[in-house]
Q: 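Submitted below is the structure of interest, expressed as structure tokens.
Read the numbers this way: they start at 1 and go in the same order the structure lists the ligands and their atoms.
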Amino acid sequence: MDLVNQFVTPLPASADMLSANLDQLSNMADFDPAITSLEGRLLFAVPKKGRLNQAALNLLEGADIQFRRENRLDIALVKNLPIALIFLPAADIPTFVGEGQVDLGITGWDQVQEHDAKVRAGYRARRFSGEITIEEEVTHNGKGSGCETVMDLGFGGCKLQVQVPQNGPYSSPKDLVGKNIGTSFVHLAEKYFTILELEMDSSNTQAGNAPEFSGKLRTKIIELSGSVEAACALGVADGIVDLVESGETMKAAGLKPIDTVVETSAILIKSRKPSNPELVELIAQRIRGVITAQRYVLCQYNIQRSTLAEATKIAPGKRAPTVTSLDEEGWVAVSIMVEKKRIAPIMDELSKIGAHDILVLDIANSRD
Ligand SMILES: Nc1ncnc2c1ncn2[C@@H]1O[C@H](COP(=O)(O)OP(=O)(O)OP(=O)(O)O)[C@@H](O)[C@H]1O
Ligand SMILES: O=P(O)(O)OC[C@H]1O[C@H](OP(=O)(O)OP(=O)(O)O)[C@H](O)[C@@H]1O
């Protein structure tokens, strides 16, 4: 499979690295083409560093995807399944998956949206003559990226927000039109301000004023690769578009949010035509099982049969409770799956209505 030579959009920098890694792999002393070749393997991209890396590796472990990663190699062959893991920056994964060079990937929804906005930017540039409608911009939401979302992975949650200095002159996104915006998400920021400018111009037209939309974005988007929050204080930008999780970085930089561009979390994505759809489905099932196991606990308790209906109302279980008779007249044992975050108040309430011997057990793995 040619991993690096078939890109439609400009090649991400990580493509060169992959090419070198493939050469290294085939030069390894114990190279055995039968087990070391990428041929016939499903290619699965995993964030090589950053916020999503560890949680993604934990998911692979939970799904029993076993691999050994050679020192400094960004390709690892899976021992127990016909899969090769490709370690890439989270930002490049939608490009590789979207163009079908890689079958599956773990990345952030924000990165998929950014890639989509980048693909879309070419179209916008061609038609940037006032013809683009707001509806076209708004409804075109992730469709051009070439990636399909398989599932939300439930970690890496944060928001991409428009931020301005707390004590500055700006209070609404409209105040930033025509100003300088610092961001690493240049294409999403460009899309956001395109929509905003179109909306402002169309309401100007409705108010009888001449439309200002000249066919060129008036807001200047400045690309920054990190420490974006410093841009306002340093006089580089009037506002920024950056990720916010706890809000600590934003506050420390004296900034406040004035709008949210995208709410994001980590997702599993697949290409439109994966090389082995059955294996994609198997991996998706295993990952779903791991996520369910992480989210739920198993709760067991004993209760009088006459109170069972009331207890079931408090905690109905994921599908329905498993009820077994106890070797004691009028008593039953109940077993249910409960979301971890709700278990404490549920135990309180069950106890209040007369449940005994309430036990909570971790779930190691699960399958729907
Ligand atoms: N607090 C957070 N800040 C940044 N990203 C986060 C955060 N929480 C979750 N993420 C997710 O992690 C993804 C990767 O971000 P991260 O900055 O870790 O990547 P990276 O590959 O190390 O990039 P960089 O080299 O720019 O730091 C983001 O696109 C986002 O989906
Ligand atoms: O809301 P918080 O919990 O403070 O997290 C948000 C910060 O985390 C990210 O930066 P990161 O630490 O990944 O470094 P970077 O600035 O180099 O991107 C992001 O760009 C924010 O600066």
Q: Quick one: which ligand 1 atoms are inside 4.0 Å of a heavy atom on G108?
A: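 Near G108, meaning under 4.0 Å from one of its heavy atoms, ligand 1 has 31 (O).
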
Q: Heavy-atom pairs closer than 4.0 Å: do any link ligand 2 to the side chain of D242, the backbone, both, or neither?
A: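 D242 to ligand 2: side-chain contact only, backbone stays beyond 4.0 Å.
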
Q: Taking only heavy atoms of G156 into account, list the atoms of ligand 1 that are under 4.0 Å away from them.
A: 9 (C)

Q: Quick one: which of M250, R51, K251 has a heavy atom closest to atom 8 (O) of ligand 2?
A: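 Considering heavy atoms of M250, R51, K251, the nearest to atom 8 (O) of ligand 2 sits in R51.
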
Q: Of all the atoms in ligand 1, which lie at a distance below 4.0 Å from a heavy atom belonging to G50?
A: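 Result: 18 (O), 22 (O).
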
Q: Is there a side-chain contact between P47 and I93 (heavy atoms, below 4.5 Å)?
A: yes

Q: Suppose I only count heavy atoms of C158 and a 4.0 Å limit; which atoms of ligand 1 are within that range?
A: 6 (C), 7 (C), 8 (N), 9 (C), 10 (N)

Q: Could you go through Y301 and D357, starting from their C-alpha distance and side-chain angles, then the distance that decides it, and tell me whether this counts as side-chain hydrogen bond (donor to acceptor under 3.5 Å, both in side chains)?
A: CA-CA 5 Å; Y301 59 90; D357 308 319; over 6 Å; no

Q: Hey, looking at atom 5 (N) of ligand 1, which of L243, L224, T264 has the closest heavy atom?
A: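 Nearest heavy atom to atom 5 (N) of ligand 1 lies in L243.
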
Q: Heavy-atom contacts with S246 under 4.0 Å: which atoms of ligand 2 show up? List them by number with element.
A: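 Those of ligand 2 that fall under 4.0 Å from S246 are 1 (O), 2 (P), 3 (O), 4 (O).
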
Q: Report yes if some heavy atom in the side chain of V360 is under 4.5 Å from a heavy atom in the side chain of M347; otherwise report no.
A: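 Sidechains of M347 and V360: in contact.
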
Q: Under 4.0 Å from atom 14 (O) of ligand 2, is there at least one protein heavy atom?
A: no

Q: What is the nearest protein non-hydrogen atom to atom 18 (O) of ligand 1, stated with its residue, atom name and distance?
A: R51 N, 2.7 Å

Q: Would you say T249 and ligand 2 have an N/O pair spaced under 3.5 Å apart?
A: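 T249 vs ligand 2: N/O contact under 3.5 Å present.
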
Q: Should T183 and E223 be marked as a side-chain hydrogen bond (donor to acceptor under 3.5 Å, both in side chains) after you check the CA-CA gap, both sets of side-chain angles, and the distance that decides it?
A: CA-CA 5 Å; T183 188; E223 179 165 13; over 6 Å; no

Q: Between E70 and R72, does at least one N-O distance fall below 4.0 Å, as a salt bridge requires?
A: no

Q: Students should be able to answer this: which protein heavy-atom is nearest to atom 14 (C) of ligand 1, and at what distance?
A: A90 CB, 4.0 Å

Q: Quick one: does S265's side chain get under 4.5 Å of L153's, heavy atoms only?
A: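 The answer is no, as the side chains (C-beta and beyond) never meet within the 4.5 Å cut-off.
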
Q: Considering heavy atoms of the protein only, find what lies nearest to atom 16 (O) of ligand 2 and give residue, atom and distance to 0.1 Å.
A: S227 N, 3.2 Å

Q: Select the closest option to atom 12 (O) of ligand 1 among I267, L52, V244, judged by heavy-atom distance.
A: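 The option holding the nearest heavy atom is L52.
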
Q: Surrounding CD of E61 (heavy atoms of other residues, nucleotides or ligands, distance under 6.0 Å), is the total greater than 12?
A: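 Check fails, neighbour count at 12 or below.
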
Q: Quick one: do T260 and Q161 satisfy side-chain hydrogen bond (donor to acceptor under 3.5 Å, both in side chains)? Show the steps, please.
A: CA-CA 4 Å; T260 295; Q161 294 193 306; 3.0 Å; yes

Q: By number and element, which atoms of ligand 2 are closer than 4.0 Å to a non-hydrogen atom of L243?
A: 6 (C), 19 (C), 21 (C)

Q: Heavy atom to atom 26 (O) of ligand 1, shortest distance: which of A55, G226, G157, S225 holds it?
A: S225

Q: Do I267 and V112 touch side chain to side chain, with heavy atoms closer than 4.5 Å?
A: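 A side-chain contact under 4.5 Å exists here.
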
Q: Just by modelled atom types, is the G98 backbone N or O under 3.5 Å from a matching donor or acceptor in the S271 side chain?
A: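 Not a single qualifying donor-acceptor pair exists.
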
Q: Tell me the closest heavy-atom pair linking R286 and L81, and the distance in Å.
A: NH1-CD1, 3.8 Å

Q: Are D74 and K48 ion-paired here, with the side-chain N under 4.0 Å from a carboxylate O?
A: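 So D74 pairs with K48 through a salt bridge.
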
Q: Below 4.0 Å from any atom of ligand 2, is there a heavy atom belonging to V244?
A: yes

Q: Nearest heavy atom to atom 27 (O) of ligand 1: which of K49, K48, E245 does it belong to?
A: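 Among K49, K48, E245, the closest heavy atom to atom 27 (O) of ligand 1 comes from K49.
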
Q: Checking a contact table here: which protein heavy atom is nearest atom 18 (O) of ligand 2, and how many Å away?
A: G226 CA, 4.5 Å

Q: With heavy-atom distances below 4.0 Å as the criterion, list the atoms of ligand 1 near D110.
A: 28 (C), 29 (O), 30 (C), 31 (O)

